[in-house]
Amino acid sequence: MFELMQALRDGANALKSHYLNSISINAGCELFIEFVRLFPHETKSFDDLKVEIGKQGRQYAKEAMSYRSKIADLALGFIKDGSVILTHSYSRVVMQALLKAHKLKRISVYVTEARPRGLGVKTYEALTAAGIPCTIVLDSAVAYVMDKVDIVLVGSEAVVESGGLINAVGSNQMAIIAKAANVPFYAMAESYKFHSLFPLSQYDLPTHTPNTLAFPKHSVRPADLSVVRPSTLSVHTNPPPSPIRTSTSLAAIHSPVQFSMGPDQTKLNPEVDYTRPDLISLVFSDVGILTPDGVSQYLVGMFAG
Amino acid sequence: MTRAERRELQEKQRAAKKEKEAAAPAGDGAGGKGKAKAGASSAKATTSQNAQPSGTPSKDAGRDAPGSQDPDGPRGQRIFSHFGSQKPPSSGKTPSSDPIHPAVIRLGLQFSEFKIVGANARCIATLTALRNVIQDYSTPANTTLSRHLEKHLGPQITHLVSARPMAVTMGNAIRQLKKYISECDIDLPDKDAKDLLCDKIDTYIRDRIVLADQVIVENAVKKINDGDTVLTYARSSAVQKILLGAHGEGKNISVVVVDSRPLLEGKNLLSVLTNAGIPCTYMLLPSLGSYLSSHSGNISSVLLGAHSIHADGAVFSRSGTALVAMMARTHTIPVLVACETYKFSEAVVLDGFTKNELGDLSVFPPYPSVIPNSKLLRERSPNSKLELFNPLYDLTSAKDITAVVTEVGIIPASSISLIPLALGR
């Protein structure tokens, strides 16, 4: 039995090492390992046990496909006719909820661009194809748009033991602004995303490395301040890229010059962030509609035994 | 009327009542009660407009009625008389025929002189003393061990409680011991039953305290990173083990020890940590506010101990802990409480006032050390207006606590009530 547990853990570690952002994989693996540990071994032989575990695992995977639909049904009651919904990036469970709501009510959706991967555009295209009025919002315009919004609906990578949420970077920001504007912030998470992690802060996440948001090590002061190094910026303009002007002359530019950070800067930025439980109003999940406290109680009951 | 004027009026009424009582000694029980009730209702009427937070005057008048407290005694003692306070431990003789076991007498003295402090230490000492009592016990004729032993332990426990009010840990352990005793097989011969009970006591100490602490250290050390600065308050045995454990794993940590009068328990922790080679900073609680305003960026986390934890997640701990937790929360520093599951108390307490313990200042080291305590205490003559108030515990609410580290894992404070369920109890 112990060898099986060890083999499972090794397999889980191998899976995790393949992906940069392994939190949801972690959650799923932990859940399965816990299930195997607690599974009563009443079967006659080890082979029977293996078959039984495999059968249960496959059945769970099949049922798990229906979780998103269950969650979408639960959320229907909270989406009123004519409401304006703000969502972040792309989430399959939020998509299902919005599409289901659209069949019965009139909704309009703001979605953030979610740089650098820009998954918000994917959401925009899917919603527009379904006939839902949708507008993409700049990540920095969330505070601007919040007063127009009735509810915020986000998906999740994981829901953690504190009752907090781990989701694409920008969710924490959205939650803080929603709290300040008194807009309810709802998270949607399938129960296999409940994770027994307990981050004490943003920097306590497993995805946070010493490189994340680190300053460059060798910062050399340029002798001539009028010329800024162009290496970290890539410029999208139609005219050929000219040497970057200093701040005083940038104000005089009239052509729509668009800058975006290069890949080496993008690497320094986080992919997910942690939202504290006191900022989350409710968590919609297939086990029911839970408060963040309720999520932590569910997790304690599951993992602390 | 201002509050001061109202109080003057009450004093006059009280003095007048005293004269009446002295003049008419026959009006003892019932008459005194009637007068006191009249005094109480008039006191309530005068203070009805003024919302006094502690309800001082009505409580005072109420206390007069039973007549058990000295009406001339200091007001403070009357207000907080529902707190346990120290009395010198009673002599070895009790009303019942059972004499108090010498181990228990010794322990009572150690408790009352604060030689043994801390929830874990007191529990282990209590269980060890009771173990001795059980070993020396012999069942009298016409009764069985499982029925009589509990009765026999009663006066011993009462003696300990008279030295210092019962700790939650002691209470939980004794409750478990009584359960073991009642489960004892009637047919078992005395010696075997006693050995079994002693074995169960040893297992309880080992599993719920010693091993639990080891798992807590493992869990907590994961949250302490290389280069962290950890802040702690007073002295918790669990926190000491965690800090030594982190240092032992090779992590470079530094510790800020915050301490307070009159117990100054932080000094013990400081000497243990510095002997282990951990760089430490030491300060008294009043300086913590200024320190955090300028240095909050340096502190990675706050690690606190607990005397007990309640069902709603509120932590009952050394007086001053709540202040440290609140200040840390203001500066968004995570607060971790290290607490074994046997410290769980099913009661829900709303504030530190409902249940607490007053410490007698005469046993604590004086500060500054050049002024002896006797000079401070000399002030407390019967007519003195100076009252020294020294509660030993306070209550930290669950919202100031980021996480509780227990042997079943790191959990948020609000989920504490599920632990007995998770442990299968």
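Computed from a prediction, not measured in an experiment: that's the story for all the values here. Numbers restart at 1 for each chain; the letters A, B, ... are given by sequence-line order, proteins then strands.
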Counting only heavy atoms not in [X], do more than 12 fall under 6.0 Å of its [atom1]?
| X | atom1 | value |
| --- | --- | --- |
| A/Y144 | OH | no |
| A/R68 | CZ | yes |
| B/Y180 | OH | yes |
| B/E265 | CD | yes |
| A/D10 | CG | yes |

Subject >> Any donor-acceptor N/O pair, B/K223 side chain to A/D204 backbone, under 3.5 Å >> reply: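 Between the backbone of A/D204 and the side chain of B/K223 there is no qualifying donor-acceptor contact (under 3.5 Å).
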
Subject >> For B/D351, all residues meeting side chain to side chain contact (heavy atoms under 4.5 Å, CB included), sequence neighbours excluded >> reply: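 With sequence neighbours excluded, B/D351 shows a side chain to side chain contact (heavy atoms under 4.5 Å, CB included) to B/F353, B/T354, given in chain and number order.
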
**OP:** Enumerate by number any residue of residues 288-318 of chain B whose heavy atoms lie under 4.5 Å from heavy atoms of chain A; in the absence of such residues, state 'none'.
**Re:**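 At a heavy-atom separation under 4.5 Å, chain A is reached by no residue of residues 288-318 of chain B.
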
Subject >> Contacts of residues 325-338 of chain B with chain A (heavy atom under 4.5 Å) >> reply: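 Near chain A, by residue number: B/P334, B/L336.
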
**OP:** Find the distance between CZ (A/F198) and OG1 (B/T402) and round it off to the nearest 0.5 Å.
**Re:**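 Between atom CZ of A/F198 and atom OG1 of B/T402 there are 7.0 Å.
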
Subject >> Minimum-distance pair of heavy atoms, taken over all atoms of B/S414 and A/Q297 >> reply: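 Closest heavy-atom pair between B/S414 and A/Q297: O-NE2, 3.5 Å.
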
Original post:
Checking heavy atoms, do the side chain of A/S296, its backbone, both or neither come under 4.5 Å from chain B?
Top reply: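 Both parts, backbone and side chain.
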
Original post:
Got a sec, which residues hit side chain to side chain donor-acceptor pair (under 3.5 Å) with B/K200, two or more places apart in sequence or on another chain?
Top reply: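 Not a single residue meets the side chain to side chain donor-acceptor pair (under 3.5 Å) criterion with B/K200.
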
